Enquirer: 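A single structure is presented below for examination.
Predicted model, so just to flag it, every value in this text is computed and none were measured. First listed ligand is number 1; within each ligand, the first listed atom is number 1.
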Amino acid sequence: MTKFSDLKLDPKVLKAIDEAGYTVPTPIQAQAIPYALEGRDVLGIAQTGTGKTASFTLPLITRLGRGRARARMPRSLVLAPTRELAAQVAENFDTYAKHTRLTKALLIGGVAFGEQDKLIDRGVDVLIATPGRLLDHFERGKLLLTGVEVMVVDEADRMLDMGFIPDIERIFGLTPFTRQTFFYSATMAPEIERITNTFLSNPARIEIARQASASETIAQELIQLQATRRDTAAKLKRETLRAVIEAEGEKLENAIIFCNRKVDVDILYKSLVKHKYDAAPIHGDLDQSVRTRTLEKFRAGDLRLLIASDVAARGLDVPSVSHVFNFDLPSHPEDYVHRIGRTGRAGRTGKAISIMVPSDQKYLDAIEALLQKTLPRVEAPELQAPVRVRHKDRPAKAETAEKVEQPAPREAAPQDSIAQDDTAQRDVAPAPAPAARAEKPRRGGQQQRNTPAREHAPRERNSNRGDNVVGMGDHVPDFLLREFRSA
Ligand code: AMP
């Protein structure tokens with residue numbers, strides 16, 4: 001077996017690796033580093049979790065150990081598709097380069113230009129950037145890329161998904177032809193193949209087995225729901241998710257919950273918080289400082305549920321994630337592999353639970369074709385109110401919530417906003433099925449607040465529900481009120 005000491009890395013790098021607690025190189029490290037140190041271009045087909053970051057950072061540091069940075073002319077460039085990934089590479093660099101005097105700058109959106117400008121003006125050995133931000137700097141005349149000796153493109157397939165390929169081509173064109181290139185992608189789409197053919201010179205191609213290594217330690221489960229209508233499906237999925245979270249109980253230390261769309265990340269986040277879960281969202285529309293803070297909390301174990309889009313969570317390295325949920329099945333099957341790879345890391349066990357509705361069948365087919373296996377089907381746990389009583393002072397009300405969450409009225413009442421499945425409201429207020437139905441046409445909005453409807457309704461119900469409670473326009477039909485009271 002290859003040892004790090006066999007790899008001709010700078011002794012200062014070896015020392016840092018030792019201190020990081022790594023004993024043996026991962027397969028991509030063992031294979032890529034010798035080529036990288038020979039000066040060859042490397043094409044790494046590997047996903048996150050394989051140790052690929054170190055596979056380019058360690059030889060990069062070793063190579064840059066000789067020579068010095070010049071003002072405005074970074075000696076190497078690492079491009080990552082998202083701010084988080086760029087920040088993660090920067091953290092890796094800090095760890096492995098801690099015994100060297102190499103300098104770095106991190107150029108990512110959402111961070112003020114000034115500080116980074118100063119660093120670049122002084123000269124940096126490693127410039128880590130997202131493509132758009134790098135080009136902004138370049139266009140402002142703050143940066144020269146003609147001194148780049150090594151260029152790294154990380155997560156190229158994600159760059160493709162995000163529309164960064166033209167930027168990448170342009171950046172390649174701004175760097176010297178003689179540079180050494182490390183190029184990493186989890187998959188080789190035709191467009192990626194084209195780029196590598198154009199910009200890499202006789203690369204050593206290193207392919208690391210796809211999902212197998214990651215999934216061996218991950219128990220996968222699939223819950224198939226029968227909802228066919230979009231509006232009811234979303235609500236049923238949220239209820240199912242809560243039921244699963246409760247059923248997993250203490251085994252669920254923390255989880256990343258993936259949604260396909262940013263808007264759904266927000267909706268799910270609001271719903272979970274209303275239900276008193278410790279949850280926070282992360283997606284590309286959120287301010288960078290918020291994203292960073294959320295991630296730090298999650299990493300530190302101060303946040304239990306992280307609701308994420310693929311882009312924001314791509315490649316995130318949180319060593320200990322007990323569960324991953326696919327609230328939506330991903331439309332790209334590779335994303336399934338990436339997502340579930342957030343758990344079961346570093347030999348730990350993990351659980352990945354996916355929820356699907358009939359319209360997701362095509363996504364499931366693609367995932368199972370890629371994995372070459374059938375995902376184990378499991379029944380959704382019984383939908384019921386959380387066992388734990390969230391408001392110590394209101395134990396009796398939680399019981400009522402159970403009634404509201406019965407499947408029948410849920411299916412019967414088409415609902416399209418999270419407020420409508422808000423059992424947090426129900427937790428604190430008895431709201432049996434007929435009343436829930438009465439909420440259905442709530443689009444009437446604000447002016448309904450002080451209508452007779454509200455006055456007709458029992459006072460304590462309204463007072464606990466806050467201003468959200470509305471009736472059916474100007475009145476509530478008598479039969480609804482009668483039924484409610486008898487219930
Ligand atoms: P990456 O694929 O670069 O996202 O790395 C995944 C995780 O593996 C990171 O937490 C690294 O710190 C860790 N790692 C990288 N190389 C090694 C190694 N040789 N031994 C143990 N852990 C490693």
Enquirer: Quick check on contacts: which atoms of ligand 1 are under 4.0 angstrom from a heavy atom of F4?
Expert: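 Ligand 1 atoms under the 4.0 Å threshold to F4: 19 (N).
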Enquirer: Is the side chain of S354 donor-acceptor paired with the backbone N or O of L222 at a distance under 3.5 Å, no angle test?
Expert: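 No, S354 side chain to L222 backbone: no donor-acceptor pair under 3.5 Å.
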Enquirer: Are any of the N or O atoms of N92 closer than 3.5 Å to those of ligand 1?
Expert: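 No; the residue has no nitrogen or oxygen that sits under 3.5 Å from a nitrogen or oxygen of the ligand.
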Enquirer: Determine, step by step, whether N197 and E193 satisfy the side-chain hydrogen bond (donor to acceptor under 3.5 Å, both in side chains) criterion, reporting the C-alpha distance in whole Å, the side-chain angles of both residues, the deciding distance to 0.1 Å, and the verdict.
Expert: CA-CA 6 Å; N197 290 341; E193 195 88 52; 4.9 Å; no
Enquirer: G51 heavy atoms, cut-off 4.0 Å: which ligand 1 atoms fall inside?
Expert: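 Taking each heavy atom of G51 in turn, ligand 1 has 1 (P), 2 (O), 3 (O), 5 (O), 15 (C) under 4.0 Å.
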Enquirer: Before signing off on this row, confirm whether Y22 and ligand 1 have an N or O atom pair separated by under 3.5 Å.
Expert: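 By distance alone, the answer is yes.
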Enquirer: Which donor-acceptor pairs under 3.5 Å do the side chains of residues 138-145 make with protein atoms, sequence neighbours left out?
Expert:
unit_1: E139; atom_1: OE2; unit_2: R170; atom_2: NH1; d: 2.7
unit_1: E139; atom_1: OE2; unit_2: R170; atom_2: NH2; d: 3.2
unit_1: R140; atom_1: NH2; unit_2: D117; atom_2: OD2; d: 3.3

Enquirer: Show the atoms of ligand 1 that are less than 4.0 angstrom away from any heavy atom in T53.
Expert: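 So the atoms of ligand 1 that pass are 1 (P), 3 (O), 4 (O).
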Enquirer: For H332, which residues count as a ring-ring contact (aromatic ring centres under 6.0 Å, His included) partner, sequence neighbours excluded?
Expert: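 Per chain and number, H332 pairs via ring-ring contact (aromatic ring centres under 6.0 Å, His included) with no residue.
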Enquirer: Look at R72 together with D121 and state whether they make a salt bridge at an N to O cut-off of under 4.0 Å.
Expert: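 Answer for the salt bridge query: yes.
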Enquirer: Tell me whether Q29 has any N or O atom under 3.5 angstrom from an N or O of ligand 1.
Expert: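 Checking ligand 1 against Q29, an N or O pair does fall under 3.5 Å apart.
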Enquirer: State, yes or no, whether a side-chain contact exists between Q88 and L85 at a heavy-atom distance under 4.5 Å.
Expert: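 Heavy-atom side-chain distance check passes, below 4.5 Å.
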Enquirer: I need the contact type for V24 against ligand 1. Using non-hydrogen atoms and a strict under-4.0 Å cut-off, is it side chain, backbone, both or neither?
Expert: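 Backbone only; the side chain of V24 stays clear of ligand 1.
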